[in-house]
Amino acid sequence: RCRLEVASPRPKITDPALYKDVWAGIGPLLVASTPAASVFFGTKSFVTASLKNQLGPEYRQLITVLSVAGALVPCWLIKTPSEVLKTRRQ
């Protein structure tokens with residue numbers, strides 16, 4: 001629920017208490033998401049280059065779809081454990 005719904009009595013949008021700890025939790029997010037994004041884009045670039053050599057540039061859309069699909073698997077392997085921990089802490 002958002003902070004406006006939870007608070008009683010309902011605060012004004014300019015109330016500084018609404019913005020307290022807005023950045024809380026950004027550390028674990030960055031720790032988990034940065035390596036996952038790096039692995040995703042690195043894997044996508046590698047698979048794209050490999051498929052272009054094998055299939056040729058005329059299959060550009062298929063190469064993109066296969067590259068993204070191949071890059072999502074290692075990304076999920078990195079990101080899923082951190083998402084589980086984040087959910088359990090809530």
Under 3.5 Å donor-acceptor pairs involving side-chain atoms of residues 32-41, not counting sequence neighbours:
residue	atom	partner	partner atom	Å
Ser33	OG	Leu29	O	3.0
Thr34	OG1	Leu30	O	2.8
Ser38	OG	Thr34	O	2.9

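- Legend: residues meeting side chain to side chain contact (heavy atoms under 4.5 Å, CB included) with Ile63, ordered by chain and number and at least two apart, are Thr48, Leu51, Lys52, Leu55, Tyr59, Ser67.
- Nearest heavy-atom pair, Pro74 versus Gly70, reported as atom, atom and distance to 0.1 Å: CD-O, 3.2 Å.
- Sorted by first and then second residue, the salt bridge (charged side-chain N to carboxylate O under 4.0 Å, His left out) pairs with a member in residues 71-85 read Glu83-Lys86; sequence neighbours excluded.
- Summarising the local packing, CD of Gln61 is surrounded by 12 or fewer heavy atoms from other residues, nucleotides or ligands at distances under 6.0 Å.
- Scanning for side chain to side chain contact (heavy atoms under 4.5 Å, CB included) contacts around Thr80 gives Trp76, Val84, with sequence neighbours left out.
- Note that OG1 of Thr64 is 6.0 Å distant from NZ of Lys44, once rounded to the nearest 0.5 Å.
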